[in-house]
K.L.:
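Pasting a structure here, questions to come.
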Amino acid sequence: MIGFFDSGIGGLSILREATCRLPQYSYLYFADQARAPYGNQSADEIYQFTEEGVNRLFQEGCELVILACNTASAVALRRLQQEFLPQRFPDRRVLGIVQPTVEELLKYTKSRVVGLLATSATVRSGMYEEKLGNSVLLLTQACPLLVPIIESGSHENNEFREAARGYIQELLAKDDRIDTVILGCTHYGLVADVFRELVPPSIYVLSQGELVISSLFQYLKRHEELEKRLKKEGRVLMITTGK
Ligand code: DGL
């Protein structure tokens, strides 16, 4: 199977694209809802939780795991790839979603001034800036109130809209040349329409689902050996540590 990992329901915004565009594969989705949100926790905790989740997905038979979570991708991916995989699962793979987002970004921005809405941990990690280098000026805004509201299913309330509006205003006030805003948390991708309503129409709102799946498709084409080991039964299973 292909495993998908997130702290909660956010990664479903990526899984949805996977099941539409690559329906032949079997997917196992793991949501660590008992410990969500990750975005306000320390880097050590985020690493620990992510390693446990990935370990579980491997134990359940996944050959490849996508960290469908920016926070885990930004904070934990490198150490998983450099230490955990070589020591424990040398023939399995873990991919993140920051790199594919950054690779596609230049197709969208003309001004090369881009805004990032994300969790506090993703912003603190500086991973987007590191991957972008000098190609783009990135302005960031942490949005700590949003994931708990989305996770509780009450994002249709005014509270969510008002919090999102406030964060967007703060971000856009940082530089009036911003022409693209990255929804750099997969939870936001679930409610991308709300962000699109709140951001001025001249600014492009980039949600990650499609970008990440195009990149996964390319990855599988390049790694035939791994692709051959994947089941083609078109099943989707889900595990949560919560309710
Ligand atoms: N969906 C996640 C992300 O993309 C994690 C959000 C959280 O748990 O704070 O960052």
Side-chain angles (χ1 to χ4, degrees), residues 3-18 27 29-54 57 65-78 80 94-102 104-105 115-131 138 140-155 160 163-164 167 171 181-192 194-195 205-213 215-216 238-243:
F4 274 69
F5 171 84
D6 186 36
S7 62
I9 59 175
L12 295 175
S13 62
I14 311 283
L15 180 67
R16 178 172 60 192
E17 292 295 329
Y27 298 96
Y29 185 91
F30 178 94
D32 191 8
Q33 290 182 294
R35 301 189 289 198
Y38 281 10
N40 303 331
Q41 317 225 32
S42 72
D44 280 347
E45 279 170 321
I46 295 166
Y47 177 78
Q48 206 45 52
F49 298 166
T50 306
E51 189 194 283
E52 285 169 26
V54 169
L57 285 164
V65 170
I66 315 291
L67 299 182
C69 172
N70 288 270
T71 308
S73 300
V75 175
L77 178 66
R78 186 170 291 160
L80 285 172
V94 181
L95 304 176
I97 58 174
V98 174
Q99 184 67 34
T101 306
V102 163
E104 290 291 311
L105 183 61
L116 172 73
L117 296 170
T119 66
S120 305
T122 299
V123 168
R124 227 177 16 243
S125 74
M127 189 51 82
Y128 270 92
E129 288 90 332
E130 186 187 317
K131 299 267 181 205
L138 188 77
T140 61
Q141 177 63 47
C143 313
L145 295 176
L146 301 187
V147 169
I149 303 177
I150 298 170
E151 201 54 42
S152 71
S154 43
H155 54 271
F160 178 74
Y167 291 133
L171 176 67
V181 169
I182 305 169
L183 300 183
C185 168
T186 53
H187 280 75
Y188 311 163
L190 290 174
V191 287
V194 178
F195 287 92
V205 176
L206 192 63
S207 176
Q208 295 172 304
E210 216 172 295
L211 307 183
V212 171
I213 296 314
S215 150
L216 173 62
M238 305 209 187
I239 304 172
T240 177
T241 58
K243 293 178 186 159

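Just so you know, these numbers use all the heavy atoms, side chains as well, and skip hydrogens, waters and symmetry mates. Sequential numbering from 1 along the given sequence is applied to the chain's residues. We count ligands from 1, going down the list as the structure has it; atoms in each ligand are counted the same way.
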K.L.:
Quick one: salt bridge (Lys or Arg N to Asp or Glu O under 4.0 Å) partners of R16, sequence neighbours excluded?
P.N.:
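Listed in chain order: nothing, the list is empty.
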K.L.:
For the residue pair S125 / T122, report whether a side-chain donor-acceptor contact shorter than 3.5 Å exists.
P.N.:
no
K.L.:
For E52, check salt bridge (Lys or Arg N to Asp or Glu O under 4.0 Å) against everything at least two apart and list the hits.
P.N.:
R35
K.L.:
With distance as the sole criterion, is a donor-acceptor pair present between the side chains of Q33 and T240 under 3.5 Å?
P.N.:
yes
K.L.:
Do Q99 and K131 have side-chain N/O donor and acceptor atoms under 3.5 Å apart?
P.N.:
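Distance-only check passes for Q99 and K131.
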K.L.:
Run through ligand 1 for me and note each protein residue having a heavy atom under 4.0 Å from it, chain first, then residue number.
P.N.:
D6, S7, P37, Y38, G39, C69, N70, T71, T119, V147, C185, T186, H187
K.L.:
The criterion is side-chain hydrogen bond (donor to acceptor under 3.5 Å, both in side chains); which residues satisfy it with E51, sequence neighbours excluded?
P.N.:
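For E51 the side-chain hydrogen bond (donor to acceptor under 3.5 Å, both in side chains) partners, ignoring immediate neighbours, are Y47.
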